[in-house]
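We number each residue from 1, following the sequence as shown.
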Amino acid sequence: MCRSIKTLRPPAIPEKATEEEIRAAALQYVRKVSGFRAPAAHNQEVFEEAVEAVARATADLLGGLQVRGVPAAG
């Protein structure tokens, strides 16, 4: 597990995660899985596509979670 990826759902954070927080977590995940902190030019496009895909999936996940004891966002 990437230790620098933090939990992005309440009650770990008081409010809805921001796009910036979601993208930062996605970037850390892709860096960990790929083994590259900064990919070479020939891998840059696929690296960025992966970050965006993980960020979208993360936003979908967080938007669909129901956390007991936390009021639903409205």
Side-chain angles (χ1 to χ4, degrees):
M1 178 76 183
C2 284
R3 295 175 193 261
S4 58
I5 297 176
K6 65 181 184 174
T7 301
L8 296 179
R9 67 162 177 82
I13 61 172
E15 297 182 13
K16 183 178 175 184
T18 65
E19 286 183 36
E20 183 177 299
E21 290 171 319
I22 291 170
R23 189 172 195 297
L27 177 60
Q28 288 301 316
Y29 174 81
V30 172
R31 283 176 172 168
K32 182 69 166 186
V33 170
S34 70
F36 296 116
R37 175 155 174 33
H42 62 276
N43 288 324
Q44 186 68 39
E45 184 177 348
V46 71
F47 188 91
E48 286 299 322
E49 288 172 1
V51 171
E52 294 307 316
V54 171
R56 281 191 305 275
T58 302
D60 290 347
L61 171 66
L62 293 174
L65 288 176
Q66 295 180 18
V67 181
R68 291 183 181 175
V70 176

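Of all heavy-atom pairs spanning P11 and V67, the tightest one is CD-CG1, 4.3 Å.
Of the inter-residue distances, the one linking I13 atom CD1 with L62 atom CG reads 7.5 Å to the nearest 0.5 angstrom.
Using a 4.5 Å cut-off between side-chain heavy atoms of Ile, Leu, Val, Met, Phe, Trp and Tyr, with links allowed through other members, F36 and V46 fall into different hydrophobic clusters. Using a 4.5 Å cut-off between side-chain heavy atoms of Ile, Leu, Val, Met, Phe, Trp and Tyr, with links allowed through other members, I5 and V33 fall into the same hydrophobic cluster.
Side-chain contact check for Q28 versus K32: every heavy-atom pair is 4.5 Å or farther apart.
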Identify every side-chain donor-acceptor pair in residues 20-27 under 3.5 Å, counting partners at least two apart or on other chains, and give the distances.
residue	atom	partner	partner atom	Å
E21	OE1	T18	N	2.9
E21	OE1	T18	OG1	3.4
E21	OE2	K6	NZ	3.3
R23	NE	E52	OE2	3.0
R23	NH2	E48	OE1	2.6
R23	NH2	E52	OE2	3.4

